[in-house]
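Accompanying notes for the structure given below.
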Number of protein chains: 4
Amino acid sequence: MGDPTLATTEATPDARRRDPERTREDILTVATAEFAAEGYTGARIDDIAARTRTTKRMIYYYFGSKEGLYLAVMENAYTGIRTLERELDIEGLGPVDALRALAEHTYDHHTSHPNFVRLVAIENVHRAEHITRSAVIHELNSTAIDTLERILKLGVEAGLFRADVDALDAHMMISSYAIFHVANRYTFRALFGRDLLDDERHEHYRALAGDAIVAALTDVRQTGT
Amino acid sequence: MGDPTLATTEATPDARRRDPERTREDILTVATAEFAAEGYTGARIDDIAARTRTTKRMIYYYFGSKEGLYLAVMENAYTGIRTLERELDIEGLGPVDALRALAEHTYDHHTSHPNFVRLVAIENVHRAEHITRSAVIHELNSTAIDTLERILKLGVEAGLFRADVDALDAHMMISSYAIFHVANRYTFRALFGRDLLDDERHEHYRALAGDAIVAALTDVRQTGT
Amino acid sequence: MGDPTLATTEATPDARRRDPERTREDILTVATAEFAAEGYTGARIDDIAARTRTTKRMIYYYFGSKEGLYLAVMENAYTGIRTLERELDIEGLGPVDALRALAEHTYDHHTSHPNFVRLVAIENVHRAEHITRSAVIHELNSTAIDTLERILKLGVEAGLFRADVDALDAHMMISSYAIFHVANRYTFRALFGRDLLDDERHEHYRALAGDAIVAALTDVRQTGT
Amino acid sequence: MGDPTLATTEATPDARRRDPERTREDILTVATAEFAAEGYTGARIDDIAARTRTTKRMIYYYFGSKEGLYLAVMENAYTGIRTLERELDIEGLGPVDALRALAEHTYDHHTSHPNFVRLVAIENVHRAEHITRSAVIHELNSTAIDTLERILKLGVEAGLFRADVDALDAHMMISSYAIFHVANRYTFRALFGRDLLDDERHEHYRALAGDAIVAALTDVRQTGT
DNA sequence: CATGAATGAGCCTTCATTCAT
DNA sequence: TATGAATGAAGGCTCATTCAT
């Protein structure tokens, strides 16, 4: 719901035929859910087709192959997140507050879009061989990186931030924290009995996401000790 | 070879028969590499057998099924990391230095045992359904958590650390950073062109692992600003 | 050929594709022969497929599994015999002649449909676990039982038949005689050197089938001694 | 119990080794139960070995192969029934009573030795190919046939029995009735809801066994009508 | 556009049997 | 005599994909 791109939505009851765009989107929605749930190898074309209001033949008509469908799912997912990234508004905020806002926004996004995080994990299991070949994904420019660069530049110039941690490093730190909560949720719970996505802990972990990145980037030499 | 548990080793050339322990380990070694490389569903029993000095039949003789083999691989992997955790020596270190040492040790371990990290990612794709059923894994107590608890206690009592971040939270932060480097290496490189496991950056990221967790746990109210 | 349901027919030479009904029946015919010849466990899906004009894959497409195929064979066989049962015409016959006609008809049917008898024997080896689950077979009403009930009622009312042998008992006696000739033919021949299905003895055994059941049901108290 | 030859007995607790005869019998007992329960193809050497106090290797040592074991089971079973046949005492009985006693004895035997009946059914599924090759079974002379010949001779001479039904025919009729109760018990129950081996009906069916064969052999021309 | 039918390659698993000790 | 380890052949089943209508 909320995210028409990734959520597992049911096919509209009335089988509206003769609407190619709708058919395509229907397949994509179902396939996203299936690939995110079962992995690339584990996903079944038959299962996807069964949950669609069209047939298996249409999947091949629109996407050519299982890999083609998977790639379309990945491109769709990455396009979605890039769009959401742009929604973040940090105008008028100082570097520290902006950084914190970015981290919290990322945390919110990832925890509310588990399928995206799962797809990324799955793609990594396959050594990113699919998205590496995708022109679409390469053309997507990460707003997050651009934003981070500006924030870091301001912060360093103000003597607040370390100068030896660049935007990609910061992005890595922010992402790793947020992704872990979704990607490693199950083994973490199995081993330690704690559900990282428990609603009760959401605020705590959200705030910690901001605190941690701000603390990590703060130039300790400035504060003295 | 460094880690006989996880590395992909070739079968010993001379097919020494009648050595069940060797046969079992041989299968386990090859299977670990295969599952880590291809995922649970993607792994092929035939391929595993082919790279072993025994036959496919023996896999079923010793492990019963594909799932049984996979579970044995996971149990072996987790047992291995728990053993390595115990190697960390932080005797005589203060809480800050101990925390930093633990983070760097974790970073070193994960980046030098990519198969372990990949297996954990794969198990999460399957919602940890296998290890949840494993008695062996449930019985493994994490030394890391115990160690962290002691460190945090000392740090909090000394007024150095935040009191609202417990050992599991700290473990989550340390792990997420280290795991991300291995688990998300491929998509990160595909998207941003940077290899997180590049030797040239190893020291930088290793140090950052320590800095980040120390900074995150440090009670900022103490230092003022 | 006489019985398209049970006989082992060869696949039609010209592989006419796109005729699902034909494909299904082709598989069923071959499978009936295979299961009757080799038993449930002994039957080989590969062998069945090889004697079909389709492939092994199609067997699973239509019947789902070996057990599904076997069940379809059993349902088809029982449906066939029920149909043949209805062909018996005993209109206008008195109870004694009707009973004799029914016994002879059963004897003829079973000896001319050995595969049906063999399938029943095989199903009993498996404790009828398959047909017990079959809704189709449960819905089949036995005309033979209904007919027998009417015959017995008339015979008893006329003081000709014993009143303590009901239709199921009579059916059991008639069936046991006829089935034995087919089901135990081989051990009987091996032990005593006599082929119960020898053409030369057919008339003798056919008449005996009628004589025996009539004699068994006749109320001896009536005839005195 | 009752019949040490066919019943499924547990291995004696104390693993008395170095007793070849005991080992052989142990295997035979377990194998009889397994083959009777699962059929020739369905029986598993591993399962038999597991329920024995010896190992799989011993089965091959004593019986050579699965078929050898099966044959030994069959020979043992047939030897057992021949022995029991001889227990019947009809001295001093007239032909009618002797015939009735024989039929009832057969009925009692078969219904109390279901494994024997099942093995016969299984052997017939395989077209008696195994016992045909057995010298042991060919050498067994059926007392029942000899006894029947004498009975029939007396009865025919006394003008009581039909002369055109010989001992093998009579044996066939007696056996078919008794065997059906055990061999077709499951399908009969599945189709008609009646358990032919129900204790409540035992006496009825036992008496009917005698009545039926006596009636069938009685020369009706003598009694007039 | 749409669909049921069909396919070939390959996957996991099992079984009777034998070997080395 | 006894036993755990090992094996080759085959068996049931599944999957992505394509064809004919």
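So you know, we letter chains A, B, ... as the sequences are listed, proteins then strands, and number each from 1. Being a predicted model, the structure only gives us computed values, none of them experimental.
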Taking all non-hydrogen atoms of both residues into account, name the closest pair between C:R51 and C:A33 and its distance. NH1-CB, 4.4 Å
Would you indicate, yes or no, if F:dG12 has its OP1 or OP2 atom less than 4.0 angstrom from a side-chain nitrogen or oxygen of C:R44? yes
Nearest-Å distance, CD1 (C:I59) to P (E:dA6)? 12 Å
D:R53 CZ to F:dT1 P: how many Å, rounded? 14 Å
Centroid separation C:F63 to C:Y70 less than 6.0 Å: no
The nucleotide from F:dG12, F:dG8, E:dT3 with an atom nearest the side chain of C:D46 is F:dG12
I need the full list of salt bridge (Lys or Arg N to Asp or Glu O under 4.0 Å) pairs touching residues 68-79 of chain B, with sequence neighbours left out, sorted by first then second residue. none
Report yes if the distance between the aromatic ring centroids of B:H126 and A:Y186 is under 6.0 Å, otherwise no. no
A quick test of your reading: do over 12 heavy atoms of other residues, nucleotides or ligands sit less than 6.0 Å from OH of A:Y61? no
B:Y70 OH to E:dT13 C1': how many Å, rounded? 20 Å
Would you indicate, yes or no, if F:dA6 has its OP1 or OP2 atom less than 4.0 angstrom from a side-chain nitrogen or oxygen of B:Y61? no
Checking contacts here: which listed nucleotide (E:dC12, F:dT3, F:dA5) is nearest the side-chain heavy atoms of B:K56? E:dC12
For E:dT7, does OP1 or OP2 lie under 4.0 Å from any side-chain N or O of C:T54? no
So B:F63, base contact, sugar-phosphate only, or nothing? Heavy-atom distance under 4.0 Å. nothing
What's the CG-P distance between B:D19 and F:dG4, to the nearest Å? 17 Å
So what's the dot-bracket for DNA chain F: Watson-Crick or G-U pairs under 3.5 Å, [ ] if a pair crosses, | if it pairs off-strand? .||||||||||||||||||||
Length of the CG-P vector between D:L69 and E:dT17, whole Å: 10 Å
First locate atom CG of B:D19, then atom OG1 of B:T54, and finally report the distance between them rounded to the nearest 0.5 Å. 11.5 Å
Mind calculating the distance between CD (B:E34) and P (E:dC11) to the nearest angstrom? 10 Å
Partner residues of D:I48 under the side-chain contact (heavy atoms from CB on, under 4.5 Å) criterion, sequence neighbours left out: D:V30, D:A31, D:E34, D:F35, D:T52, D:I59, D:L69
Which one, F:dC13, F:dG8, E:dG4, comes nearest to the side chain of C:K66? F:dC13
Report yes if a side-chain nitrogen or oxygen of D:Y60 is closer than 4.0 Å to either non-bridging phosphate oxygen (OP1 or OP2) of E:dC19; otherwise report no. no
Which of these nucleotides, E:dG4, E:dA5, E:dT17, is closest to any side-chain atom of D:I45? E:dT17
Atom pair distance, as rounded to whole Å: CZ in C:R22 and C1' in E:dA6: 17 Å
Starting at atom CZ of A:R57, determine the distance to atom P of F:dA16, rounded to an integer number of angstrom. 16 Å
For E:dA5, take OP1 and OP2 only and decide whether either is under 4.0 Å from a side-chain N or O of C:T23. no
Describe the nucleic acid contact of D:A43 in one word from base, sugar-phosphate, nothing, applying a heavy-atom distance below 4.0 Å. sugar-phosphate
Please measure how far the C1' atom in F:dA20 lies from the corresponding atom in E:dC1, and state the result in whole Å. 15 Å
Between the side chains of A:E123 and A:R118, is the shortest nitrogen-to-carboxylate-oxygen separation below 4.0 Å, so that they form an ion pair? no
Of B:M58 and C:D47, whose closest DNA chain F nucleotide lies nearer the 5' terminus? B:M58
